[in-house]
Amino acid sequence: MSPSRPGAAGATRTCPHCKTTILQSATICPSCRHYLRFDAPASVAGASSNALQVEGTIRHPAEGGAWEYAVVLVIRDEDGKEINRQVVGVGALFGGDVRTFSLTVEVTPTHDTRRPPKRPGLRH
């Protein structure tokens, strides 16, 4: 499951609460927001920052048929190669419905300066 050695930057694990793949260093699960580790100082938990935040709203007009939607998240590397693609959610909007979609990318600095070698065809 981990793309790198345990303890290395980018290493992953499964949240024991919601079973989402999360960073091994996480003290709070970004999906279910449960606390995972109580041994880390509070300042470490707050050290992350939002590198990207996008929000948009879709409003279905009062008339017309339903709109179906699929929220697809795609992550690409510096060469434009797709690393990961996931359908995050699906649903439908009916006349007068409103949905707001938000995407936030949090980054947390580490002291790990190593860079793992690129492996062809590897999907994280």
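All residue numbers in this chain count up from 1 along the given sequence.
Judged purely by atom type and a 3.5 angstrom limit, Asp77 uses its side chain to pair as donor or acceptor with the backbone of Gly80.
The heavy-atom pair separating Ala9 from Thr110 by the smallest distance is CB-OG1, 4.1 Å. Across Asn50 and Glu106, no two heavy atoms sit closer than the pair OD1-CG, 3.4 Å.
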Side-chain polar contacts of residues 65-75 - donor-acceptor pairs under 3.5 angstrom, sequence neighbours left out - could you list them?
none

Run the side-chain contact (heavy atoms from CB on, under 4.5 Å) check on Thr12 and Gln24 step by step: do they pass? CA-CA 5 Å; Thr12 60; Gln24 193 173 63; 6.0 Å; no
Please step through side-chain contact (heavy atoms from CB on, under 4.5 Å) for the pair Leu52 and Leu103, ending with a clear verdict. CA-CA 8 Å; Leu52 173 69; Leu103 167 71; 4.2 Å; yes
May I have the step-by-step check of side-chain contact (heavy atoms from CB on, under 4.5 Å) for Arg13 and Ile22, ending in yes or no? CA-CA 6 Å; Arg13 64 181 168 135; Ile22 60 172; 4.0 Å; yes
Does Ile28 form a side-chain contact (heavy atoms from CB on, under 4.5 Å) with Leu36? I'd like the steps, not just the answer. CA-CA 5 Å; Ile28 299 173; Leu36 303 167; 5.9 Å; no
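Scanning for side-chain hydrogen bond (donor to acceptor under 3.5 Å, both in side chains) contacts around Gln86 gives an empty result, with sequence neighbours left out. Take His34 and apply the side-chain contact (heavy atoms from CB on, under 4.5 Å) test, not counting sequence neighbours, and it matches His17, Cys32.
When side chains are defined from C-beta on, Ser49 counts as touching Val107, because their heavy atoms get closer than 4.5 Å. Looking only at side-chain heavy atoms (C-beta outward), Thr27 and Tyr35 stay at 4.5 Å or farther from each other. Here the side chains of Lys19 and Thr14 are in contact, with some heavy-atom distance below 4.5 Å. Using a 4.5 Å heavy-atom threshold, the side chains of Cys29 and Cys18 count as touching.
Between atom OG1 of residue Thr104 and atom CD of residue Glu55 there is a gap of 8.0 Å, rounded to the nearest 0.5 Å.
In the hydrophobic clustering of ILVMFWY residues, with side-chain heavy atoms under 4.5 Å counting as a link, Val88 and Val54 come out together.
Other cluster members for Val98: none, since no ILVMFWY side-chain heavy atom sits under 4.5 Å from it. Summarising the hydrophobic clusters (Ile, Leu, Val, Met, Phe, Trp, Tyr; side-chain heavy atoms under 4.5 Å, direct or chained), the residues clustered with Phe94 are none.
Listed by first and then second residue, the side-chain hydrogen bond (donor to acceptor under 3.5 Å, both in side chains) pairs involving residues 87-100 are Thr57-Thr100 (not counting sequence neighbours).
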